[in-house]
Structure formats: structure tokens, C-alpha cells
Amino acid sequence: MSRYNFKDSEAKWQAAWEQAACARVTEDPGRPKYYVLEMYPYPSGRIHMGHVRNYTIGDVIARYKRARGFNVLHPMGWDAFGLPAENAAIEKGVHPAAWTYDNIAVMRAQLKSMGLSIDWDREVATCHPEYYRHQQKMFQDFLDAGLVYRKESWVNWDPVDHTVLANEQVIDGCGWRSGAPVERRKLAQWFFRITRFSDELLAALDELERWPDKVRTMQRKWIGRSQGARLFFRLQGAPAGWSGEAEERLQVFTTRPDTLFGASFCALSPHHPLTTALAESDPKLTAFVADCDRIGTSEEAIETAEKRGYRTGILAEHPFRPGETLPVYVANFVLMDYGTGAIFGCPGHDQRDLDFARKYDLPVVPVVLPPEAEAAGFAIADEAYTDWDGSLINSEFLDGLKVEAAIPAAIARLEAAGDGQGEVQYRLRDWGVSRQRYWGCPIPVVHCQDCGVVKVPEAELPVRLPEDVSFDQPGNPLAHHPSWKTVACPNCGKPAERDTDTMDTFVDSSWYFARFCSPRAETAMDRSAVDYWMPVDQYIGGIEHAVLHLLYARFFTRALQACGYLSVEEPFAGLFTQGMICHETYADETGQWLSPEQVKTDEDGKVVTLEGGPVTLGRVEKMSKSKKNTVDPEAIIDAHGADAARWFMLSDSPPERDMEWTDAGIDGASRFCQRAWRIVSEIAGQGVAAGAPLPSAFGAEAMALRRRTHKGIQAVTADIERFHFNGAVARLYELINALAGFKAKDEGDRWAAREAAEAFTRLVGPMTPHLAEALWQVLGHQGLLAESAWPDADPALTIDEEVTVAVQVNGKLRATIALPRDAEKQQAEDAALAEPAVQRALEARNPRKVIVVPNRVVNVVV
RNA sequence: GCGGGUGUGGCGGAACUGGUAGACGCGCCAGACUCAAAAUCUGGUGGCCGCAAGGCCGUGGGGGUUCAAGUCCCUCCACCCGCACCA
């Protein structure tokens, strides 16, 4: 028996699928559609194992759904703008475009070698003018719809990458890419008004039933809706004109207006306009603010920083108690970006306020009485009572009300007196998209001295990136370019300047899934195509995009809908987040990391360097270049084949969990492919032709095999549907093992063996498509397996006539008995009691009770 | 601190709505084939006691509900992830 030659086979079948255009699709209203999408890759240079896992999972779904009769859209593209291309330009002197397109060519070939059933006719790259011209049009449409605006604002400035970051891109006060501490700068920036959809984005999460709870929870918290009230405090002693507006009262947001009678101070953020106004004539306050800034926002600083305040001498009048005032402090724990940048402090019911009050010796008056506590003598010690469970005390007209009732009562009183109003606050901020970079989508506007911001006329789109740029000075090459930015104002014709910023690359990835529906359309999307294909039925990718990309894409889809581009509100009906690929780490005696190719296992099973030197085994960690524990997919596919790589990716570890890449694992997968080839080939040679008629009779062993076959079909189908690929793999091992041990003695046996082999081949098809195609041919079929239907299980053969029932005495297993399926309870009980092991365990006692669960268990209780 | 997750053999992991714990794979042990090796095939493999039949223990620890718990409830521990002075 010849070995399976994966190299020839994989090349042959990839060409055959290409020839037959198996994965090419068009809209077909007569068939149910299914849109499977894996997150598109950044063309960094070569594919990595994370890509292999991601695209294997997606391809299994695509091939399976196709076999089930769906019209399957499964496209691929490139997230092609971004910083690494510019870094390559700086380091290697290669143009970002050349670098990117070269990488795409390499990675496309690598992905094709995996045998993915992708409609490559739909490929897009976001750096292509034919892609970004539509994005520029969207930007202008959003501008007209009020979904894009320009604002002078404090931004997060990454001093290493020389660019602005969105709030979502700042992690622990550092840039998400560079890791450098972020600085604050004031710049005119373009913003997407994501907050217009705050409530919709939040509410719709409840409907996204096929999304992981974890992702939905993270988005909910990110949007951070809180309901409360805005209060207005009249001030005594504030400098005139501090707010720059007619209204000079201090605005404060609270979720607990019910606790207002417990207020003992107000506090301003160090960046509050009133603070700034006061600091002008108060050097001590200026010093205090500088001090607060120094402590910064790093995670440790926050945890250990004590509550500090500066007493301004200003007094705030209590809205409910005429004549009573609260001292106004500037405090280091009050954030300018949330609420109004000012608070009132109620020490009895907020821990931070309590810490602050204790430090500055302010009154602590409890106003909410816990359910079991006695009003007399109730006092707050070290812990504020923050629960909502309780009723109001020391609060005049609110006394006796439950918290839930006191909140609206307090708001009603504030509104009646003009001292406040009910309000909802969000943590979510508008999305700043201006980036001071070259390799991104140019913002299609012109700045004119006379006309202000003017859209570039549609006929002139796209605004193309200039090709002749230099990277020899830091900052934005577009701003440095000698001529590119200089244009005539489209409105008045006078000299004007282009916006030299480009869009955040997350904009590119916020609509690519919609472009795939009609990738060559003259408009951004052909309405009938996008309405046919969208939403994506199954989106697959890493958990790291739980907030950023997945929230932006949800916003964008709503914005596109508002501008008449498409009909859906949510882009991704189903989301699956796969785990990461991990590998053992190795270090030499100097502590330097070693790559898996730099070590070997010696005769004693010890890991040593190639020269036999000592190696320290480290933890199993996420594959990363810094730890050197990566394995190159191309080398694996070259040595073992794409099918083996795919099979190992799907084996053992559930796809949502992290998996460990091991040599033993990929060897096992190779062995499986060879074994399947050997066993199925042997059966194919037994003389029963494809499509041979059902024999008149089967022996007991043939029937047993047929049952296993049909149960296998049922189980594998269910496992794929549930994303339990490791379970499907296990069932396929069982089926091939059953087939390996089966000795055919008559025509019925041979027919049953062929039936099993065919079922196996079809079921394994989505996972190891080349091998399956080769087996299909060996089994004598003319057409492609990739174009064949999924097998159906015969219900009559998935149910056993005889079942094994567990027999317990007092819940402890004592025997198993064979019974006809759905036997009478009495029959089961009698058979159980007849078991010698049961009698022994009973020790001559009489059963008190016998519990019979049909087809499962008999429990004898004494 | 808040929110979420995970914990089962030497290892990865299975067990749908509570009903034979350890499917399947890896590894290991024994055997067959072979001059030998590789490959392949057959059998075994949770722990303890026992020649065996069989028995006892066992799903992070402790407690509970139930005829029956990996699965449900309470509590504690460990690790991982996310958010974090959000008023």
C-alpha cells in the first residue's frame, strides 16, 4: 500500500477546486445564504499559527454549510493600512505600498496552501484607492449627517508613534502599540459621533444571542450607562465669568440624588474650568494641580494614591436647605472626562467620599438606613454603606422612602425648583479618528481661510496618497510633502490646504465585511447584494477585538444604515472568539530565549540545545516573537501538509480555549491522515462499486457497523453545529478505528464497510479537505467531494435495539445489564435484582424502593 | 476593588436537560512483524488492596440538596482574563 503523498494531492485538489470555482458565489434568492467571515489579517509579512487556527475554523464552517445546501459567502481581504508599513519604510527604506503589496503576495500564497475554500475574486485591500475612495465618501456622508464633527480637544498623544490615539487604544496610560506613556495635547481632531448610538448599541447587545457573554459584558461596561441627575449649585465667592457662560452655577452629576442631604462637600477636578480660573490667582492651587498631574493615571498610582484635596474657600449652596453651604475643594480623584468634572461628596454612602471626609474632618451623616439597622445610634465607621437596600433618614421630605422611590422624588423636587434634572451619563466617548500618519486613508476635506472646512468634490475622489514621500524626519510625511496639501478651495478657488491627517485604521475594518458583498461595485456597496448577504452569519476572530473593532463596526453599520447604504443594524449575527496558540518556551544557560528550532530532545528525552547544551524549560505561553516560541506555519505545511496542520488545530483543545502546539500533536495528525488513507483505500479495493444497490440482508456485524456509521454521522453533525470540533475529531477516530478492525466476510459486510468509508470521507471533508477529496476519488466517485451533499443519518440506525443499563445499589454501581430498548420498568427491576452482584450488595435486606430511569439506570435503595 | 472564566489520569481533553466519570488523542508498558530500526498491527494503561473473583477511594478543599452530583446550592482556595478613583 502506497503512502499518501500529501504534497501532490494538496496541489492537485487545490487546482481542481480552483478549476471548478467551488467557492465562487453570486446572490441567489432561491437559496438560503450563509456568510462566514474570519477577521481579515494585517499583512505583516507571513501568516502565523493564529491565522491557521482562525482560518481553519472558518473553512470548516464554510465547507460544512456548503455541503448542507447553503449559498456560502467566504471571502478574504487585507487590513493593509497601518504603522508597521511606515516603520519598515523608515528602517529598510522600502515604500509602505511596496512593502504591503509584497507581504500580501506572500501571505495570499500561504493562505492558498492551506486549501481554504475562499472566493478569491472578492479579495480587497484597504490601502487600495478603489477601497478607500468609498470610505472617503462615507466620511463626507457622515459629515452631512452630523455623524462626523471636528473639535479642538485634548487628545492622547503617543510620543513614540507621533500620533493621536483613541481612548480605546490607551492601555494603562500607555499607547497600545508603542507602550509609551501617553501625553496630553490639544489638537483639532475629527470625531465620529458614536455616542449618538449609545443606547442602541447597549440595548442591541441583549439581542446578540450568538455572541459570547464575555464580549457582550465587556461592551456593556465600556458603554457604561448610568442613570442619575445633574444638579446646579449656586456658588459664593467664585470669580465672575469663570464658566465663560451666562450660567455660573456649578454643575454636578450624581447617580444618587437621594443622598443629597448627606452631602458635606463639593469637589472639582484639577482640570475643571473653575479650578483653572481660580489657579490664575492662586499659586498654591497651581502647584496642587501640577502635583495631581504628576501622579498620573498608571494603575499602581491610582491604587495607592490617597485622596487629596485643596480647599478653595468657595461655598456651594445646598439646593434643599436654604442657608446651608458646602465647602468646595479641588480633589485629585475627580475625573474631568466623566460627568461634569465635579461632584458632591456624600461620605456616608460613597467610599471615596468617606476617605476624603475622614482626612479633612468633614461631617459624615448617614442618610440611608440598612434594612436591619436601628435608626437611633446608626453611624458610619470605616465603611460607607453603598447598597441600595434601605430607607432614607435625616432627609426631611425623603425620610422613610426606599432608595428606589427617593431617587425620583429628589429629582422631581430639583426639577420643580430649577436646581437640576434627571440625566443619563455614558462612559463611552466619541471616537477620535484623526491620525498624523502617512499610510492611512486621507481625510477628504480642504481647509480654506475663508470657507472653513470644505468637502473635496465627489468627482475628485479618491483623494490619493502621494507616492513620493520621505520618512527621514519624524511626524507626518503628508504634512512635510512639498506640494500635496496645497490645493485650490473647491468653494471659492483661493489657495487652501488639504487635511493632512489620515483615518484611524479601525475605520477601514469597520465596513470591509459589507464591501465583500459587492467588492467591485462602483458604489461602496450594491444595495441588493449587501441586503442579500448581510449580516455576517458567523464571524470568527480573537478576543482582543472584543471592544475596539467589534464596537466600531457595530457603530459604523448603524451609521451606514442612517446614510442609506444598507438595511441591517448589526453587522455580526454570530460571533465566535477563538483561543490563542501557545508553545513551550526554552532558554539557554544565559537566560536567552531559544526558538523550537534551536533545541532538540536527546536519547533520554531531555531537551537540549542542538549542540547538546543545557536548556531551561519555561512555561507554556502564547506564541510571540519576543519569547521566540513561534512555529512557522509554512514549515509545518511543507513537512506535514495542510490537512495535518488543520486536523491538529481542530483536535483536542476546544476552539474557544488556548491550545498548545506540540511536535507530538502534529505527528499524531500526520499519522491519522496516513491511516485514513490506508484503511479507506483498502476498502475501496474490495470490489463493491460506488452506488452499489443495498444488499438484501446484513449479518449482525454488518448491522453493528452500519449503526456506528449512522450514529457517527449524527454525532459529527451535531458537534460541528456546536463548534465542538474536538468532539467531531474524536467521533471520526472512532469511526476509522471501527473500520480498521472490521473484517468483511460476505457481500453485506463489504457493502457496510464501503458505506462506513464513504460516510467517514464525507464527514472528514470540512476538516481535511484534500485528503477527503483523494479518498472520494479512490472510492470511485467522479465529481468533487467539495460539491457533494452532507450525508444524512438514517434514524432507524441511530437507535440501538438493546441498551446497557447501569444497576446501582444505594447509588453505587454494582453491575450493568443488557435490556431491550424501552423495556418495561418491571422487567428492568427484575433483571437488576437477579444480578448476583446486586444480591451480594443487598446482604439479604429487602429493597425499600427501586428507581428505574428507562434505558439508563436502575437504582435499588435499601 | 468590581466583573467574567477555569480547576477532571503522566498530558490535551470527553461526559446533551443530574443517571455506568475518564470518550478520543498523546505518552507509557507488553506482545507481533523485522538481522535491526522505522513504519504498521494486537493488547493493556485513574489510584490503592488482592493470585483471582472482587473490594475501597477518586472530578481544587469543606459543607449541603437528592434514590443518584464533575453537573444544582452555600463556602473557601488557586490560577487566568477584562475593567478600574465612572460620582
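Naming convention: chains lettered A, B, ... in sequence-line order (proteins, then strands); numbering from 1 in each chain. Keep in mind the model is a prediction, meaning the values are calculated, not measured.
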Exercise. Output all residues satisfying side-chain hydrogen bond (donor to acceptor under 3.5 Å, both in side chains) with A/Arg554, sequence neighbours left out; order by chain, then residue number.
Key: A/Gln219, A/Glu570

Quiz item: When we call it a touch if two heavy atoms are under 4.0 Å apart, what does A/Val805 touch: a base, just sugar-phosphate, or nothing?
Solution: nothing

Set of residues satisfying side chain to side chain contact (heavy atoms under 4.5 Å, CB included) with respect to [X], sequence neighbours excluded:
| X | value |
| --- | --- |
| A/Arg840 | A/Pro836, A/Ala837 |
| A/Ala406 | A/Asp258, A/Leu392, A/Leu398, A/Leu401 |
| A/Ser226 | A/Phe253, A/Thr255, A/Tyr338, A/Gln425 |
| A/Ser624 | A/Ser626, A/Lys627, A/Asn629 |

Whether [X] side chain and [Y] backbone form a donor-acceptor pair below 3.5 Å:
| X | Y | value |
| --- | --- | --- |
| A/Asp800 | A/Glu802 | no |
| A/Arg358 | A/Val364 | no |
| A/Asn855 | A/Asp822 | yes |

Dump the pairs, protein N or O against N or O of nucleotides 66-70 of chain B, anything under 3.5 Å, distances to one decimal.
from  : atom 1 : to       : atom 2 : distance (Å)
B/C67 : O2'    : A/Asn859 : ND2    : 3.0
B/C67 : O2     : A/Asn859 : ND2    : 2.7

Self-check item: Interface residues of residues 825-832 of chain A with RNA chain B (non-hydrogen, below 4.0 angstrom)
Solution: none

Write down the protein N/O and nucleotide N/O pairs, taken from nucleotides 13-18 of chain B, whose separation is under 3.5 Å; answer none if there are no such pairs.
from  : atom 1 : to       : atom 2 : distance (Å)
B/A14 : OP1    : A/Asn726 : ND2    : 3.3
B/C16 : N4     : A/Arg856 : NH2    : 2.6

Practice problem: Check salt bridge (Lys or Arg N to Asp or Glu O under 4.0 Å) between A/Asp643 and all other residues, then give those that pass, not counting sequence neighbours. | Solution: none

Practice problem: Between A/Glu660 and A/Thr816, just flag the one whose closest nucleotide in RNA chain B comes earlier from the 5' side. | Solution: A/Glu660

Just the atom pairs and distances: protein N or O near nucleotides 40-42 of chain B's N or O, under 3.5 Å.
from  : atom 1 : to       : atom 2 : distance (Å)
B/U40 : O3'    : A/Arg678 : NH2    : 3.1
B/C41 : OP1    : A/Arg675 : NH1    : 2.5
B/C41 : OP1    : A/Arg678 : NH2    : 3.3

Practice problem: Scan for salt bridge (charged side-chain N to carboxylate O under 4.0 Å, His left out) pairs involving residues 731-743 of chain A, sequence neighbours excluded, and state none if there are none. | Solution: A/Arg731-A/Glu734

Self-check item: Under 4.0 Å protein heavy-atom contact, by nucleotide of nucleotides 50-58 of chain B - B base, S sugar-phosphate only
Solution: ----SSSS-

Quiz item: When the aromatic ring centroids of A/Tyr329 and A/Tyr360 are compared, is their separation below 6.0 Å?
Solution: yes

